[in-house]
Amino acid sequence: MSMFKKMELSGDKSPKIPGGEAEKVKCLIVGSGPAGYTAAIYASRANLVPVLYEGLQPGGQPSITTEIENFPGYPDGVTGTQLMEDIKRQAARFGTDIRSGIATAVDLSSSPYKITIDDSEIIQTDALIIATGATPKYLGLESEKKYMGSGVSACATCDGFFYKNQDVAVVGGGDTAAEESLYLSGICNKVYLIIRKKYMRASRVMQDRVMERENIEVLFEHVTHEIIGENGGVNGVLLKNNKGEIVRKDISGFFVAIGHTPNSGIFKDYLETDEVGYIKTVPGPTKTNVDGVFASGDVMDPHYRQSVTAAATGCMAALDAERYLGTRKF
Ligand code: NDP
């Protein structure tokens with residue numbers, strides 16, 4: 001589910017301020033992944049007194065991932081949850097006002113910018129740092145929708161346990177699919193990894209690990225035709241191979257790991273995005289086409305999408321916001 005749902009706005013797009021004056025802050029951060037919390041660390045240390053709204057997925061994508069081995073400073077690896085708890089604690093230590101709530105609409109037509117939280121409350125801000133991340137993509141099959149949450153999942157670490165000692169399938173050929181397959185192979189009896197091309201897109205090290213794991217069977221040049229089941233649960237998947245033949249695999253869990261969609265929906269009326277929806281920033285800094293609005297992390301990064309690059313752009317956004325606030329009168 002998207003971290004941000006678009007709110008229907010009436011007339012001039014200005015959300016109504018319920019019960020008088022809206023709260024006004026210097027720096028508002030939306031999103032609580034590595035980008036959001038790193039922006040918070042820098043913004044609070046720079047005395048911007050930031051308020052951060054966590055969004056629908058507190059801790060962002062790392063919080064639903066397993067082991068992270070490539071975040072600097074953790075030589076033995078760290079779980080995604082632990083990493084995000086650590087970064088959050090660091091942001092809180094410098095006084096970031098961390099709140100739960102989802103940004104449901106924005107008005108970026110003039111400064112101060114107005115952000116609606118949970119469809120009800122409005123907060124005004126001089127500088128806005130967007131760190132709303134990205135949401136998993138789905139195949140778009142009817143059967144995928146039908147069994148969502150009862151056999152179909154986009155998060156192995158969240159749901160893998162339900163398929164302990166059973167057979168499952170993962171679709172996708174990138175690092176996420178490789179990581180999910182490896183995780184599931186430690187819990188499940190067998191994992192089918194369904195890849196539409198002749199090759200995997202995942203990094204070499206991840207490909208090697210997948211290939212070495214005995215209970216992962218990689219099915220190249222296979223596409224998912226239908227997920228099948230009965231009594232409200234999944235019991236198989238029909239795959240089409242490169243000869244056009246339909247083959248059935250008996251599984252009880254189907255994991256989708258085919259990439260992500262940037263959570264930029266509510267900003268689209270104001271901010272330039274690419275054709276996929278990634279917010280465009282000035283190359284180098286994190287400035288968007290609206291003065292005082294900065295984008296960081298996976299919502300603006302279609303290329304790297306790593307926790308460490310997200311954290312880096314969060315830092316950049318806070319520095320850009322500090323410079324912006326320091327050179328203008330509000
Ligand atoms: P990617 O975009 O890298 O890969 C998506 C995969 O899904 C591709 O193999 C793609 O196939 C396949 N796919 C897309 N649509 C469909 C479809 N409709 N049917 C079947 N297959 C489909 O996404 P990831 O989420 O894997 O990775 C995103 C980024 O995050 C990458 O940069 C990755 O390196 C990084 N990452 C790093 C990790 C780490 O370092 N620990 C862990 C996870 C992610 P095709 O190749 O044919 O287009």
Side-chain angles (χ1 to χ4, degrees), residues 33-35 57 59-84 133-145 152-158 160 169-185 191-211 216 218-227 237-242 247 249 254-263 274-278 297-313:
Q57 179 67 67
Q61 286 188 66
S63 67
I64 54 163
T65 203
T66 43
E67 191 77 0
I68 296 182
E69 294 179 334
N70 48 13
F71 199 92
Y74 293 91
D76 302 318
V78 61
T79 64
T81 321
Q82 187 61 52
L83 174 68
M84 293 321 300
T135 296
K137 281 186 196 164
Y138 291 95
L139 296 171
L141 297 169
E142 270 308 309
S143 50
E144 180 187 46
K145 264 191 227 149
V152 173
S153 165
C155 176
T157 37
C158 317
V170 175
V171 61
D175 279 323
T176 303
E179 199 178 69
E180 303 265 274
S181 303
L182 289 164
Y183 176 75
L184 289 167
S185 71
V191 180
Y192 297 101
L193 178 56
I194 306 161
I195 297 172
R196 64 182 175 182
K197 289 199 174 132
K198 278 185 187 163
Y199 57 87
M200 281 182 85
R201 192 196 288 198
S203 53
R204 190 77 249 166
V205 61
M206 295 300 273
Q207 289 192 38
D208 290 347
R209 282 184 200 170
V210 164
M211 295 304 175
I216 299 180
V218 183
L219 301 167
F220 288 107
E221 294 187 272
H222 281 68
V223 293
T224 309
H225 183 66
E226 211 62 76
I227 300 155
V237 61
L238 299 180
L239 306 171
K240 195 185 258 186
N241 66 19
N242 58 356
V247 289
K249 297 291 174 193
F254 184 86
F255 291 86
V256 188
I258 60 167
H260 295 83
T261 305
N263 297 317
D274 69 8
E275 61 286 353
V276 179
Y278 287 96
D298 282 13
V299 74
M300 51 72 86
D301 172 19
H303 302 293
Y304 304 105
R305 295 181 288 193
Q306 302 298 301
S307 293
V308 70
T309 51
T313 54

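Note that ligands are numbered from 1 as they come in the structure, with each ligand's atoms numbered from 1 the same way.
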Which is it for [X] and ligand 1 at heavy atoms under 4.0 Å: side chain, backbone, both or neither?
{"X": "Arg201", "answer": "side chain"}
{"X": "Ile68", "answer": "neither"}
{"X": "Met200", "answer": "neither"}
{"X": "Asn70", "answer": "side chain"}
{"X": "Met206", "answer": "neither"}

Heavy atom of Tyr304 under 4.0 Å from ligand 1? yes

With sequence neighbours left out, which residue pairs that include part of residues 303-312 fulfil the salt bridge (charged side-chain N to carboxylate O under 4.0 Å, His left out) condition? none

Gly173 to ligand 1: N or O pair under 3.5 Å? yes

Nearest heavy atom to atom 7 (O) of ligand 1: which of Ile258, Thr176, Asp298 does it belong to? Ile258

Can you tell which of Gly259, Gly174, Ala177 gets a heavy atom nearest to atom 23 (O) of ligand 1? Gly259

Between CG of Asn242 and CZ of Arg196, what distance do you get to the nearest 0.5 Å? 15.0 Å

Distance col, row Ile194:CD1 vs Ile258:CD1, nearest 0.5 angstrom, shows 11.5 Å

Residue [X] vicinity, atoms of ligand 1 by number, heavy atom under 4.0 Å:
{"X": "His260", "answer": "25 (O)"}
{"X": "Leu139", "answer": "17 (C), 18 (N), 19 (N)"}
{"X": "Gly172", "answer": "7 (O)"}
{"X": "Lys197", "answer": "45 (P), 46 (O), 47 (O), 48 (O)"}

Asp298 side chain to Ala310 main-chain N or O, any donor-acceptor pair under 3.5 Å? no

Under 3.5 Å donor-acceptor, Glu226 side chain and Leu238 backbone: no

Scan the side chains in residues 68-78 for donor-acceptor partners under 3.5 Å anywhere in the protein, sequence neighbours excluded, and list what turns up.
from: Glu69; atom 1: OE1; to: Arg209; atom 2: NH1; distance (Å): 3.1
from: Glu69; atom 1: OE1; to: Arg209; atom 2: NH2; distance (Å): 3.3
from: Tyr74; atom 1: OH; to: Asp86; atom 2: OD2; distance (Å): 2.7

Only residue of Val223, Val170, Val218 satisfying side chain to side chain contact (heavy atoms under 4.5 Å, CB included) with Ile195 is Val218

Taking the side chain as every heavy atom from C-beta outward, state whether Thr224 and Leu239 have any atom pair closer than 4.5 Å. yes

Is there a side-chain contact between Thr313 and Asp301 in this structure, where contact means two heavy atoms from C-beta onward sitting under 4.5 Å apart? no

